[in-house]
Amino acid sequence: MSIDLRAAPKAPLFSPIAIGELTLSSRIVMAPMTRQRASQGKIPNDLNARYYAQRAGAGLIISESTEVDPFSTVDVPTRPGLCNAEQEAGWRLVTTAVHAAGGKIFVQLSHMGRTAHPSQLLDGRQPVGPSPLAATGTIYTVKGQEPYSIPRALEIDEIETVTAEFAAAAIRAKSAGFDGIEIHGANGYLVDQFLRDGSNIRRDRYGGTVENRTRFLLEIITAIKAYWPANRIGVRLSPTNSYQGMSDSNPVGHFARIAGLLDPLGLAYLHVVEPPVQPRGQPVTALKLRTAFSGPLILAGGYKRADAESALATGQADLIAFGEAFIANPDLPDRWRYGVPLALADKSTFYTQGAKGYTDYPSLPRVEG
Ligand SMILES: Cc1cc2nc3c(=O)[nH]c(=O)nc-3n(C[C@H](O)[C@H](O)[C@H](O)COP(=O)(O)O)c2cc1C
């Protein structure tokens with residue numbers, strides 16, 4: 001089957017949007033997705049470049065979670081980092097391929113915090129977090145599934161060091177050719193661990209009030225702003241996600257306040273992921289955050305095309321991020337444009353090695369005008 005790109009219909013999902021001086025070709029964002037296929041040393045490779053370039057038809061690609069912690073050295077299978085020259089060069093392969101294919105890509109910068117395992121850290125060191133509270137569940141290690149360990153609470157000067165690690169990775173992101181940064185403040189990783197009161201019971205200036213729990217995130221943004229304009233920095237939050245034992249006593253109220261603290265900063269966007277609720281209706285938390293944050297808002301979490309069109313049409317969001325649909329449909333925007341049915345993703349290959357289930361999902365043949 002071939003498609004004629006000269007006959008493209010118009011739909012809100014396909015209207016361009018300006019993020020600072022960047023113009024995105026559509027409201028369709030590829031959600032950040034860990035695929036564990038970097039090379040040894042957490043170094044992105046040609047296969048990763050091919051995977052992302054295949055998906056360059058998205059208005060914006062957000063990369064998989066990328067480690068800023070230089071002590072995060074061992075990982076089987078392999079997530080990427082952005083802490084040294086080799087990792088930076090690997091990412092340059094990816095950004096070059098995406099740009100050559102006409103796409104735009106932000107890197108999602110992340111620190112595992114309490115969800116790391118000593119066997120994944122240099123010298124087998126103890127994972128760290130805001131407080132000595134372990135994540136629930138198990139983690140995949142070289143020895144198989146193992147329970148999370150109790151993290152060591154970061155000292156104040158260590159928090160400053162981690163902030164500097166985010167900034168160092170952001171500098172490398174610029175040299176590697178990324179269009180911007182997404183700070184991973186979602187899904188139970190270190191920034192999220194600070195934000196939520198179920199994982200942060202500190203009594204110093206990084207705990208207690210919402211303002212104090214948000215201080216770490218705000219300091220990371222300030223540090224990155226020395227190297228990137230604010231309108232190239234996005235933040236991802238997951239107020240209600242209970243993944244890895246995360247909780248908060250008042251997610252709607254607390255996260256509306258967090259969104260309010262982010263509002264004056266002139267960020268590229270706020271990206272909110274919530275567990276999908278069907279029928280979708282009104283995403284309560286996201287709507288509160290929408291009121292508190294006046295910049296571009298990306299929503300994610302189980303969106304189908306119709307939900308996405310409706311969220312855009314009613315002003316609930318400015319962009320929608322899609323995850324699994326992009327795994328199985330590298331040309332997702334084209335399939336929607338031309339009404340071609342979507343392929344289903346094979347979950348068994350989400351985190352395996354090699355091209356299978358990664359770069360071997362076909363795109364439709366194109367008839368160029
Ligand atoms: C294989 C896989 C890996 C993921 N990795 C990440 C990640 O690295 N960072 C992140 O913020 N979210 C991650 N997510 C969550 C997605 O970004 C997205 O929010 C989620 O899949 C819900 O969107 P969907 O229903 O359109 O797939 C991942 C999801 C999947 C399926």
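The analysis underlying the following values was restricted to heavy atoms, covering all of them including side chains, and did not include hydrogens, waters or symmetry mates. Starting from 1, each residue takes its place in the sequence as its number. Just so you know, ligand 1 is whichever comes first in the structure, and atom 1 is the first atom listed for that ligand.
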| F322-W336 aromatic ring centre distance below 6.0 Å | yes
| query | Can H99 and D179 be counted as having a side-chain donor-acceptor contact under 3.5 angstrom? | reply | yes
| query | Does E160 have any side chain to side chain donor-acceptor pair (under 3.5 Å) partners at least two apart in sequence or in another chain, and if so, which? | reply | none
| field | Positive for side-chain contact (heavy atoms from CB on, under 4.5 Å) with R213, one of Q193, R202, H254, R196 | value | H254
| message | I need the contact residues for ligand 1: any residue with a non-hydrogen atom closer than 4.0 Å to the ligand, ordered by chain then number. | response | A31, P32, M33, T34, S65, Q108, H184, N187, R236, V273, G301, G302, F322, G323, E324, F350, Y351
| said: Could you tell me if T352 and R37 have a donor-acceptor pair between their side chains, going purely by distance under 3.5 Å? | reply: yes
| task | Examine Y189 together with F194 and report whether their ring centres are nearer than 6.0 Å. | result | no
